[in-house]
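The sequence lines fix the lettering, A, B, ..., with proteins before strands; numbering per chain opens at 1.
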Number of protein chains: 2
Amino acid sequence: MSNPIFESVYKEIFPFWNYISESDKKYICQNSFALNYPKGTNIHDGNECSGVIFVHSGSLRLYIMSDEGKDVTLYRLQKGDMCMLSASCVLKTITFDVFIDAEEDSECYVISGSAFASVSERNPQIRIFALETAVSRFSDVMWVMQQILFMSLDKRLAIFLYDESVRIGSDIITLTHEQIARYIGSAREAVSRMLKYFANEGIAEVSRKGIKILDKKRLRNLTL
Amino acid sequence: MSNPIFESVYKEIFPFWNYISESDKKYICQNSFALNYPKGTNIHDGNECSGVIFVHSGSLRLYIMSDEGKDVTLYRLQKGDMCMLSASCVLKTITFDVFIDAEEDSECYVISGSAFASVSERNPQIRIFALETAVSRFSDVMWVMQQILFMSLDKRLAIFLYDESVRIGSDIITLTHEQIARYIGSAREAVSRMLKYFANEGIAEVSRKGIKILDKKRLRNLTL
């Protein structure tokens with residue numbers, strides 16, 4: 001008997017759920033595991049096939065790592081997010097290694113990669129879902145790559161926020177994203193996206209009232 | 001009447017061709033165009049939907065570009081390769097901009113993005129093919145990213161020179177330092193300095209005519 005929670009969650013998160021057979025549903029649920037990862041746990045390590053990971057609570061960080069141990073964050077998985085890059089046995093064209101750590105205490109539902117792969121072979125809709133999930137992350141990764149390669153907006157924005165907070169003598173900056181974009185010669189959408197990144201990194205808090213700098217030291221480091 | 005060449009080529013390159021209806025085949029062929037791009041032409045420019053590009057002869061370079069015009073090569077498309085990233089209207093989760101230039105005189109078959117998208121909506125096998133093509137490029141791009149982020153310049157340059165000499169079947173590479181820098185995501189000055197080092201070590205000879213590889217074994221060792 002599998003945990004009945006799986007069926008109720010999968011019904012919500014998988015757009016293909018109503019289109020697959022009862023036996024395939026049962027097979028996926030029987031090969032699912034609810035796992036708790038304490039903060040700091042390494043969940044996925046390079047080229048193994050850890051399975052399809054659904055984040056039920058907490059936060060995971062996905063990154064690449066050099067032989068020397070230098071790492072670069074690609075993106076974070078929050079509550080409700082799904083990770084396909086941890087299931088290289090499902091997506092055989094994914095040939096690069098990623099690492100995943102729990103950044104907070106996290107509860108995840110993990111579907112065995114081989115079970116997911118065998119069900120997806122019978123169901124094109126599952127295959128499409130898996131591929132689309134991976135492709136949408138491709139765009140996130142390209143964004144990170146452009147920031148790193150062209151090293152412009154994050155630095156420009158960090159310099160602006162740092163200088164502005166010194167100028168007004170406060171950690172709370174009440175300008176709109178539009179205004180900031182104009183000051184640093186960028187587009188509002190780009191500034192909003194970068195502020196969201198700063199927020200995910202815990203550098204600043206973004207709300208309707210404005211931008212509150214939370215970690216002045218890291219902001220300063222970004223300006224260097 | 002569409003060009004009869006399309007049907008015979010598509011039969012070879014599209015794994016889904018035998019599984020779609022005659023009318024869908026006809027629709028794809030009627031919305032296909034054989035286009036000749038002289039060397040140096042910009043074929044695709046950022047966020048437009050240029051369609052699905054099949055390289056029949058020649059070579060295309062796919063790259064990203066910063067606001068300041070700095071560019072980094074992601075990969076090249078050779079004879080027989082297919083490009084989905086130029087068809088953002090087919091893969092709506094691809095939200096980043098790429099640029100594509102003809103590196104040599106190239107003949108391409110281009111399928112209109114909207115025609116391909118409408119046929120793929122009726123045929124899950126086409127959707128899977130499009131997504132798999134994109135995901136396999138995800139791996140190429142991650143490899144480039146890791147080279148740039150983690151690898152020392154000597155190794156990157158050695159890999160480039162070695163691969164290029166294999167690709168063109170010659171020990172003489174006639175690219176400029178500027179071009180090489182762009183391919184490996186570095187600066188011209190840094191490449192010139194490293195080439196001077198390679199020359200001093202007797203690995204290559206650097207002249208106005210290009211770079212001649214003298215010691216293939218040592219170059220190969222640097223790539224490991």
**Asked** Just wondering, are more than 12 heavy atoms of other shown residues or ligands nearer than 6.0 Å to CZ in A/Arg193?
**Response** yes
**Item:** Contacts with chain A made by residues 133-141 of chain B (heavy-atom distance under 4.5 Å), listed by residue number
**Value:** B/Ala134, B/Val135, B/Ser136, B/Arg137, B/Phe138, B/Ser139, B/Val141
**Request:** Identify, with sequence neighbours excluded, every residue that meets side chain to side chain donor-acceptor pair (under 3.5 Å) alongside B/Glu22.
**Result:** B/Lys25
**Contacts of type side chain to side chain donor-acceptor pair (under 3.5 Å), residue A/Asp45, not counting sequence neighbours** = none
**Item:** Set of residues satisfying side chain to side chain donor-acceptor pair (under 3.5 Å) with respect to A/Asn18, sequence neighbours excluded
**Value:** none
**Asked** Hey, are B/Arg76 and B/Glu164 close enough for a salt bridge, meaning a charged N less than 4.0 Å from a carboxylate O?
**Response** yes
**Prompt:** Would you call B/Glu201 and B/Arg218 a salt bridge, taking side-chain N to carboxylate O under 4.0 Å as the test?
**Reply:** yes
